[in-house]
Q: 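There's a structure below that I have some questions on.
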Amino acid sequence: MTTSWESPSNIALIKYWGKRDTQLPSNPSISFTLSKCKTTTEVHFSEGTGVNITLDGTDKPEFIPKIEGFLERIMHRHPWLSSYNLQIKTRNSFPHSSGIASSASGMSALSLCIVEFAQKIDFKFDALNFYQEASILSRLGSGSASRSIYGGLVVWGGTPTLENANDEYAIEYPHIIDPIFKNYCDVVLLVEVGEKSVSSTAGHALMENHPFRSQRFSQAHQHLSEIQKILKTGDIENFIRLTELEALTLHGLMMSSSPSYILMKPNTLKIIEEIREFRRESKLPLSFTLDAGANVHVLFPAAVKEKGMAFIKNTLIQYCKENRFIADHVGSGPKRLTNFEK
Ligand code: DP6
């Protein structure tokens with residue numbers, strides 16, 4: 001039996017950085033789910049054991065240990081997995097390990113395939129519903145993947161100002177938001193497309209003894225409370241202030257870890273300076289956020305798309321690897337596929 005899902009990446013506005021126990025976040029986060037940055041995965045389940053995986057049609061034995069580790073981590077919820085062989089075929093719409101969260105789209109697509117199959121074989125899982133279970137499994141694969149299960153704005157991690165938010169799985173942002181945030185644009189500028197020098201997992205671990213740890217975690221709760229007012233009122237000025245602060249704080253935490261490290265590249269900083277200068281001069285609401293990598297996500301409302309894209313093509317593209325960027329926007333979440341397009 002085969003199941004197939006397409007699942008998007010997401011970009012955090014308030015960042016998850018630091019974790020405890022089995023993939024539980026040290027602070028709450030909120031993200032925009034993307035649309036075009038996505039992974040398509042097909043899993044063929046048959047009786048037996050073991051896993052094999054292809055990416056874009058090529059065997060990837062080097063991915064097997066990570067997938068096996070993930071399956072072991074979710075086995076207590078899905079013990080049936082121990083008597084199945086999984087043949088996984090996957091492809092990304094963006095470069096692997098580029099700082100675009102391929103783990104978020106990849107782990108969420110795989111989790112959705114597993115939960116759908118579990119349902120088909122009539123396995124009664126504890127969770128209340130399909131998507132909640134998929135978010136729990138995704139989280140056990142990669143924290144940020146828990147948020148890719150839903151479209152729009154998604155929250156993961158308990159916080160006093162949001163009743164149903166919790167550490168185990170993500171939820172759709174439950175309140176009414178200003179329409180400006182419904183189809184926000186995110187153009188991902190590819191500054192660096194190779195493997196990152198320090199993985200997110202290693203970065204999270206460095207938060208354990210980080211000197212600013214407790215201040216950071218309480219700041220994230222504070223920011224989550226602040227962003228809720230911003231989302232409601234459409235206060236773009238404060239949206240920009242807060243999300244840029246979050247991006248630079250994330251990288252500031254890396255720079256102040258022990259050992260310290262830097263994932264931004266000279267062109268990352270050039271782009272940030274250009275965006276801020278353009279915003280000052282044009283008064284247009286273009287801003288940036290960063291993932292745990294050198295790439296820059298340029299954020300702007302759909303209403304200024306034409307001018308935003310012109311600025312990117314005229315000014316920012318020179319800082320991108322081979323002039324590459326991905327023009328994305330807020331999307332509606334994963335899709336179940338009936339035919340895996342090869
Ligand atoms: C900077 O979810 O990739 O993108 O749980 O170890 O897989 P693991 O980490 P990961 O960390 C993402 C960190 C971030 C911020 C965010 O997405 O919230």
Side-chain angles (χ1 to χ4, degrees), residues 7-34 37 39 63 65-67 69-70 73-74 92 94 96-111 135-150 153-157 159 165 167-170 173 186 188 195-208 210 216-217 219-221 223-224 227 242-255 257 261-264 268 288-297 299:
S7 190
S9 184
N10 67 75
I11 178 69
L13 303 170
I14 311 278
K15 313 285 182 183
Y16 145 60
W17 201 239
K19 59 177 155 182
R20 59 194 166 81
D21 305 332
T22 41
Q23 292 281 107
L24 297 171
S26 298
N27 65 259
S29 56
I30 184 167
S31 53
F32 275 143
T33 291
L34 299 179
C37 294
T39 298
F63 290 175
K66 190 171 181 187
I67 301 293
F70 166 64
R73 229 180 287 165
I74 65 171
N92 288 334
F94 50 84
H96 172 65
S97 292
S98 61
I100 303 180
S102 64
S103 65
S105 55
M107 284 298 177
S108 55
L110 178 58
S111 298
S135 181
I136 292 173
L137 299 193
S138 301
R139 185 201 96 227
L140 290 165
S142 175
S144 54
S146 66
R147 298 186 308 243
S148 279
I149 296 297
Y150 300 101
L153 280 156
V154 184
V155 179
W156 171 45
T159 193
D167 291 350
E168 304 274 328
Y169 51 87
Y173 181 67
D186 175 6
V188 192
E195 293 273 341
K196 286 182 285 190
S197 57
V198 181
S199 71
S200 288
T201 305
H204 287 292
L206 290 173
M207 285 306 288
E208 261 165 53
H210 200 287
R216 164 57 193 161
F217 299 151
Q219 180 200 43
H221 283 277
H223 284 176
L224 209 95
I227 205 167
L242 189 63
T243 52
E244 290 192 348
L245 169 61
E246 271 289 317
L248 295 182
T249 298
L250 169 70
H251 284 260
L253 289 165
M254 296 172 193
M255 289 188 232
S257 295
Y261 64 106
I262 304 174
L263 292 184
M264 290 190 285
T268 311
F288 67 86
T289 190
L290 305 166
D291 241 323
N295 297 333
V296 182
H297 290 245
L299 300 175

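In each ligand, atom 1 is the first atom listed, and ligand 1 is the first ligand listed.
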Q: How about Thr268 and Leu263: do any of their side-chain heavy atoms sit closer than 4.5 Å?
A: no
Q: Using a 4.0 Å heavy-atom threshold (strictly under), name the region of Ile11 that reaches ligand 1: side chain, backbone, both or neither.
A: neither
Q: Counting only nitrogen or oxygen atoms and a 3.5 angstrom limit, does Tyr16 reach ligand 1?
A: yes
Q: If hydrogens are left out, which of Arg147, His251, Arg139 has an atom nearest to atom 16 (C) of ligand 1, that is, the closest non-hydrogen atom?
A: Arg147
Q: Geometry only, no angles: is Ser29 polar-contacting ligand 1 at N/O separations under 3.5 Å?
A: no
Q: Parallel, tilted or perpendicular, judged at 30° and 60°: which one describes the rings of Trp156 and Tyr16?
A: perpendicular
Q: Would you kindly specify which portion of Ser144 sits under 4.0 Å from ligand 1, judged on non-hydrogen atoms: side chain, backbone, both or neither?
A: both
Q: So do the side chains of Val188 and Asp291 get within less than 4.5 Å of each other, counting heavy atoms only?
A: no
Q: Run through Arg20, Gln23, Arg139, Lys19 and flag the one making a side-chain hydrogen bond (donor to acceptor under 3.5 Å, both in side chains) with Asp167.
A: Arg20
Q: Which atoms from ligand 1 have a heavy atom of Leu250 less than 4.0 Å away?
A: 1 (C)
Q: Just distances here: any N/O of Gly141 and N/O of ligand 1 closer than 3.5 Å?
A: no
Q: At a non-hydrogen distance cut-off of under 4.0 Å, which region of Ser142 contacts ligand 1 (side chain, backbone, both, or neither)?
A: both
Q: Is any N or O atom of Trp17, backbone or side chain, closer than 3.5 Å to an N or O atom of ligand 1?
A: no
Q: When you compare ligand 1 with Lys15, is there at least one nitrogen or oxygen pair between them that comes in under 3.5 angstrom?
A: no
